[in-house]
Amino acid sequence: MNSTGPQPADAIEIRPATGDDAAALAKLSNELGYPTTPVRASERLDALVGSADNAVFVACLPVGPVVGWIHVFVALRVESDRFAELGGFVVSGPYRRGGLGRQLLAAAEAWAVTRRVRMLRVRSRVQRSDAKRFYEGLGFAVAKQQNVLDKPLATDD
Ligand SMILES: CC(C)(COP(=O)(O)OP(=O)(O)OC[C@H]1O[C@@H](n2cnc3c(N)ncnc32)[C@H](O)[C@@H]1OP(=O)(O)O)[C@@H](O)C(=O)NCCC(=O)NCCS
């Protein structure tokens with residue numbers, strides 16, 4: 001095993017993201033299927049890190065890069081109690097199946113508990129069958145399936 005290859009899960013640090021992680025988070029976002037630039041990721045990360053209702057955690061090698069991240073937020077609804085939801089979650093391909101996803105999810109859950117929410121939700125594409133098995137193995141159950149519809153809006157900027 002070398003310093004850039006997969007590491008034992010207990011050698012990995014899980015910590016809150018900082019602004020300095022933006023470039024690494026952008027790179028991993030590409031793996032998640034959401035291409036973005038370090039500059040745009042930095043703008044978004046700054047807003048998230050400054051929000052009490054959002055948290056981003058990263059998984060880092062002892063010496064080396066960020067190899068995974070998770071974003072969790074408190075969702076407010078008129079019709080139901082507040083709950084926590086995962087906004088994004090990815091572990092870099094070579095580091096999967098090594099326990100990092102489990103550790104990142106545990107960090108997100110622990111944060112959600114501090115926000116006194118009673119449920120954690122994730123919306124996952126039906127095509128992500130691997131992720132579904134991961135979640136089901138860690139206590140999630142499918143609650144519903146839904147369409148996601150977008151409409152572009154005109155803005156001044
Ligand atoms: C989903 C994802 C974050 C999981 O991260 P990971 O580091 O591979 O997960 P872990 O190694 O911590 O796995 C935790 C448990 O889930 C199981 N698991 C993980 N991937 C699995 C898979 N593809 N099939 C079945 N079980 C799986 C592991 O076996 C492990 O159980 P164990 O400890 O009993 O062996 C990662 O696969 C990923 O980034 N996928 C691509 C992006 C994605 O789909 N993100 C989720 C968007 S909703």
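Heavy atoms only: backbone and side chains are in, while hydrogens, waters and symmetry mates are out. Just so you know, these numbers come straight off a predicted model, no measurement behind them. Whatever order the structure lists ligands and atoms in, that order sets their numbers, starting from 1.
Residue-ligand proximity: Gly137 is placed with every non-hydrogen atom at 4.0 Å or more from ligand 1.
Among the atoms of Leu138, none of the N or O lies under 3.5 angstrom from an N or O of ligand 1. In terms of polar-atom proximity, defined here as any N/O pair under 3.5 Å, Arg133 does make such a contact with ligand 1. For ligand 1, one of its N or O atoms has an N or O atom of Gly98 under 3.5 Å away. At under 3.5 Å, not a single nitrogen or oxygen of Val122, backbone or side chain, sits near a nitrogen or oxygen of ligand 1. On a distance-only criterion, Val90 and ligand 1 share no N/O pair closer than 3.5 Å. Considering backbone and side-chain N/O atoms, Tyr95 never comes within less than 3.5 Å of an N/O atom of ligand 1.
A salt bridge does not link Glu109 to Arg102: none of the charged side-chain nitrogens sits closer than 4.0 Å to a carboxylate oxygen. Contact check on Glu43 versus Arg40 returns a salt bridge, with a Lys/Arg side-chain nitrogen under 4.0 Å from an Asp/Glu carboxylate oxygen. Look at Asp21 and Lys27 and you find no salt bridge, because none of the NZ, NE, NH1 or NH2 atoms lies under 4.0 Å from a carboxylate O.
Set against the non-hydrogen atoms of Ala131, the atoms of ligand 1 under 4.0 Å away are 44 (O). Close approach to Ser124 involves these atoms of ligand 1, each under 4.0 Å from a residue heavy atom: 48 (S). For ligand 1, the atoms closer than 4.0 angstrom to any heavy atom of Leu32 are 42 (C), 43 (C), 45 (N). With ligand atoms numbered from 1 in the order given, ligand 1 contributes 10 (P), 11 (O), 12 (O) to contacts under 4.0 Å with heavy atoms of Gly99.
Within 6.0 Å of CD in Gln146 there are more than 12 heavy atoms belonging to other residues, nucleotides or ligands. Annotation for Arg77: atom CZ counts as buried by contact number, over 12 foreign heavy atoms lying within 6.0 Å.
When distances from atom 12 (O) of ligand 1 to the protein are checked, a heavy atom turns up under 4.0 Å.
Nearest protein neighbour of atom 44 (O) of ligand 1, counting heavy atoms only, is Arg128 CD, 3.3 Å. From the protein, the heavy atom lying nearest to atom 22 (C) of ligand 1 is Arg97 NH1, 3.3 Å. The protein atom (non-hydrogen) at minimum distance from atom 3 (C) of ligand 1 is Phe89 CZ, 3.7 Å. For atom 16 (O) of ligand 1, the nearest protein heavy atom (residue, atom name, distance) is Phe134 CD1, 3.4 Å. In terms of protein heavy-atom proximity, atom 5 (O) of ligand 1 is closest to Gly101 CA, 3.5 Å. For atom 39 (O) of ligand 1, the closest heavy atom belonging to the protein is Val91 N, 2.8 Å.
Cluster annotation: Val74 and Val72 are assigned to the same hydrophobic cluster (Ile/Leu/Val/Met/Phe/Trp/Tyr, side-chain heavy-atom contacts under 4.5 Å, transitive). Hydrophobic clustering keeps Trp69 apart from Ile12 (ILVMFWY residues linked when any side-chain heavy atoms are closer than 4.5 Å, directly or through intermediates). Linking Ile, Leu, Val, Met, Phe, Trp and Tyr whenever their side-chain heavy atoms come within less than 4.5 Å leaves Tyr95 and Leu32 in two separate clusters.
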Can Leu86 and Arg121 be said to form a side-chain contact (heavy atoms from CB on, under 4.5 Å), step by step?
CA-CA 6 Å; Leu86 299 185; Arg121 170 165 288 170; over 6 Å; no

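In this structure, the ring of Phe134 has its center less than 6.0 angstrom from the ring center of Phe89.
Checking side-chain atoms of Thr114 against main-chain N and O of Trp111 turns up a donor-acceptor pair under 3.5 Å. Of the possible polar contacts, one joining the Arg82 side chain to the Arg115 backbone as a donor-acceptor pair under 3.5 Å is found.
Contacts with ligand 1 closer than 4.0 Å are made by side-chain heavy atoms of Tyr135 only, the backbone lying farther away.
The heavy atom nearest to atom 37 (O) of ligand 1, considering only Arg96, Arg102, Arg125, is found in Arg96.
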